[in-house]
Amino acid sequence: MEMTTLDWLLGQGGVDLLDDGLAFTVHPSWIVPGEDRLSYTTLIRLVECCREHHWIKDVLPKAEGIIVDSTIKSIAGEFTRSILVGSAALMKYEIADVRSKGYSLRFQVYIRDSFEVVARFCLVSIFIDDSQHQAVFPPPDVLEYLVKACKKTLRR
């Protein structure tokens, strides 16, 4: 299985980073042979690349050199319309909920011209200690950023 990373995706061309997501044109190489649309697994890989963009842009700078990691606790998705090869799309993210040791990111995928929502996802992430493989509190500046960006009350 080929690993999909943000660097790999950007190397494909036709992908631009936005402040709150990605703009892309569906590349023929992303399509399963014999089909004309993105598979759900490819779309989930694109969500992961968007999450990686968020992590690099929003989380790591707030950690200020402190090692911080997270893992996905759950993922939910809804597909409302096929995304055809050659489609110009936007994937936007927002912080939907914050807890003391984790948070939720909500993603929406739009067709660029019509802004029609064609897919929605929610990822719940928890901060972890890699050596202990257990949930931990994030660095204070990371938590503060998440709470401000979410504009919700912190829940324990």
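Quick note: numbers below take in every heavy atom, side chains included, and nothing from hydrogens, waters or symmetry partners.
- Counting only residues at least two apart or on different chains, no side-chain hydrogen bond (donor to acceptor under 3.5 Å, both in side chains) pair has a member in residues 64-73.
- Between the side chain of E52 and the main chain of L6, a donor-acceptor pair closer than 3.5 Å is present.
- Tested against L146, the residues D141, D58, V98 include a single side chain to side chain contact (heavy atoms under 4.5 Å, CB included) partner, V98.
- In this structure, V117 and V109 have side chains that are not in contact, with every pair of non-hydrogen atoms separated by 4.5 Å or more.
- A distance-only check finds a donor-acceptor pair linking the side chain of H53 to the backbone of L18 [under 3.5 Å].
- A distance-only check finds no donor-acceptor pair linking the side chain of K101 to the backbone of P138 [under 3.5 Å].
- At distances below 3.5 Å, at least one donor-acceptor pair connects side-chain atoms of R112 with backbone N or O atoms of F24.
- Listed for the S114 side chain is a donor-acceptor partner under 3.5 Å among the backbone atoms of E116.
- Relative orientation of the F115 and Y110 rings is perpendicular, given thresholds of 30° and 60° on the angle between their planes.
- In summary, R51 and E48 engage in a salt bridge, as defined by a charged side-chain N under 4.0 Å from a carboxylate O.
- With a 4.5 Å cut-off on side-chain heavy atoms, L46 and W30 count as touching.
- No side-chain donor-acceptor contact under 3.5 Å links T5 and D7.
- Residues passing the ring pair (Phe, Tyr, Trp, His ring centres under 6.0 Å) test with F121 are F79, sequence neighbours excluded.
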Practice task
Would you check, one step at a time, whether the test ring pair (Phe, Tyr, Trp, His ring centres under 6.0 Å) holds for F107 with H54?
Solution key: CA-CA 11 Å; F107 300 83; H54 150 72; 8.2 Å; no

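- The closest side-chain heavy-atom distance from I75 to C122 is not below 4.5 Å.
- Between L22 and L90 the shortest side-chain heavy-atom distance does not fall below 4.5 Å.
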